[in-house]
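Take a look at the structure set out below.
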Amino acid sequence: MGWATLHQILKWYGFPSNFSNLLLECVIDVRFSIIINGKNSKWINAQSGFNQGCPLSPYLFILCSQLMSNSLEQRGQSLGIHISPRGPKITHHLYADDVLIFSHASIALAKALKIIVEDFCKWTGQRVNFSKSQIIFGKVVRYPMKKKITKVLGFKVVKEMKYLGVKLSLRRLKGADFQELLSNVMDRINAWGKKSLSMGGKFTLIESSLLSMPNFLITHSLVPKRVPYELEKLCRNLIWHKTDGTNGMHYVTWGEISKPRILGGLCLHSSLLRVGSLRSKLA
């Protein structure tokens, strides 16, 4: 029974309007239990907090995350790595609920990091999700050292991971590592291609959605040129394919279509031509 329904029932029986509020004040220490496969789960204590989408949520998160940054700066001075000899030391990176911490492979540093994280959890009430936490070791770290550090932290050792949708790996990424991007493009083409799109509709889909999908990955990782080439190939096939699915004749080259409108093109930004500028941002 919802609280609004209970309020209407009390009003129908003649109770005063503030009786529901008085009744709510008597309800304390609310607990829930869910029946799963005929068995009751453990008790879940009901607690109040910010609603989803509340404007105060990001400010509250920044205040809590600042404790992690301050603690790493004050107590974890030995943590962090140098990207270049004269560059600044990078200790951690925070985004939303993800934390990325950099450090040299050392048992003493691992223990210090564990203490900092445990103290942060005590201060904020948060918990580390060990099933989603991972650790990547450099190639020069030996197996006994990896085993000892893993035992201290309790994280799973992986050779590569994804952070904010970008694959992090110690090896050079290949075209096969970005197959998921091409699969997402194919899914959109199959979803929209079944509809009777006009030529203008196809160009709108390509310009607004398909050609902009690899921009984020190219800006944050070294994507091989083979990937944007395959993407442009899929876009070309979408434009000139017939409604029955057969191959159609390419009446205009892709280079002409990519030209600005003032030069007679349709101003479709080529992904291959933008690789250089996007990689310069990464550098």
Side-chain angles (χ1 to χ4, degrees), residues 1-72 92-101 110-111 113-136 147 149-168 179-181 183-184 186-188 190-191 216:
M1 180 185 299
W3 183 252
T5 305
L6 178 60
H7 180 73
Q8 293 294 333
I9 295 175
L10 294 175
K11 184 178 179 180
W12 184 76
Y13 276 105
F15 288 94
S17 58
N18 62 342
F19 182 79
S20 57
N21 297 330
L22 297 175
L23 183 61
L24 182 60
E25 294 179 358
C26 299
V27 180
I28 58 175
D29 298 334
V30 180
R31 297 190 303 170
F32 300 94
S33 180
I34 304 174
I35 300 178
I36 303 176
N37 297 330
K39 296 182 179 180
N40 294 336
S41 65
K42 295 182 179 179
W43 287 104
I44 303 173
N45 296 323
Q47 299 177 353
S48 60
F50 288 105
N51 295 326
Q52 186 174 5
C54 179
L56 293 177
S57 297
Y59 295 99
L60 181 63
F61 171 76
I62 293 174
L63 292 175
C64 294
S65 300
Q66 189 62 37
L67 294 175
M68 171 68 77
S69 299
N70 295 342
S71 182
L72 289 173
H92 65 291
H93 180 72
L94 300 175
Y95 186 87
D97 57 345
D98 293 328
V99 182
L100 193 63
I101 301 177
K111 292 181 179 179
L113 176 61
K114 184 178 181 181
I115 294 174
I116 293 174
V117 174
E118 288 178 350
D119 290 342
F120 174 75
C121 294
K122 293 178 182 178
W123 298 335
T124 61
Q126 300 186 32
R127 294 291 181 270
V128 178
N129 192 337
F130 290 94
S131 61
K132 294 183 178 180
S133 300
Q134 300 172 342
I135 181 172
I136 294 181
K147 190 174 181 180
I149 295 177
T150 304
K151 186 177 181 180
V152 172
L153 297 178
F155 297 160
K156 181 181 179 181
V157 180
V158 295
K159 295 183 178 180
E160 56 189 26
M161 67 173 66
K162 274 193 173 183
Y163 182 70
L164 304 180
V166 179
K167 180 174 288 188
L168 302 181
Q179 190 62 36
E180 183 179 357
L181 171 64
S183 300
N184 293 335
M186 282 296 301
D187 293 339
R188 296 197 180 189
N190 293 333
F216 179 77

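Taken from CG in D98 to OG in S133, the straight-line distance is 9.5 Å, to the nearest 0.5 Å. Here Q179 contributes atom CD and M186 contributes atom CE; the two are 10.0 Å apart, rounded to the nearest 0.5 Å.
Under the rule for a side chain to side chain contact (heavy atoms under 4.5 Å, CB included), the partners of V99 that lie at least two apart in sequence or sit in another chain are L94, I101. For E180, the salt bridge (charged side-chain N to carboxylate O under 4.0 Å, His left out) partners two or more places apart in sequence, or in a different chain, are K162. Here D187 pairs with N184 under the side chain to side chain contact (heavy atoms under 4.5 Å, CB included) rule; sequence neighbours left out. Scored by the side chain to side chain donor-acceptor pair (under 3.5 Å) test, S69 finds H92 as partners (sequence neighbours excluded). Taking the side chain to side chain contact (heavy atoms under 4.5 Å, CB included) definition, one finds that K147 meets it with Y143, sequence neighbours left out. In terms of the side chain to side chain contact (heavy atoms under 4.5 Å, CB included) criterion, residue partners of V157 (sequence neighbours excluded) are, by chain and number, I135, F137, T150. Legend: residues meeting ring pair (Phe, Tyr, Trp, His ring centres under 6.0 Å) with F120, ordered by chain and number and at least two apart, are absent. Remark: Q126 engages no residue in a side chain to side chain donor-acceptor pair (under 3.5 Å) (not counting sequence neighbours). Residues satisfying the side chain to side chain donor-acceptor pair (under 3.5 Å) test with S131, not counting sequence neighbours, are N129.
Residue I149 comes nearest to A110 through the heavy atom pair CG2-CB, 4.0 Å, listed as atom of the first residue, atom of the second, then distance. The shortest heavy-atom contact between E160 and Q134 is O-OE1, 4.5 Å. Closest approach of S33 and S41 over heavy atoms only: OG-O, 3.0 Å.
More than 12 heavy atoms of other residues, nucleotides or ligands shown are found within 6.0 angstrom of CD1 on I36.
Listed by first and then second residue, the salt bridge (charged side-chain N to carboxylate O under 4.0 Å, His left out) pairs that reach into residues 114-130 are R75-D119, sequence neighbours excluded.
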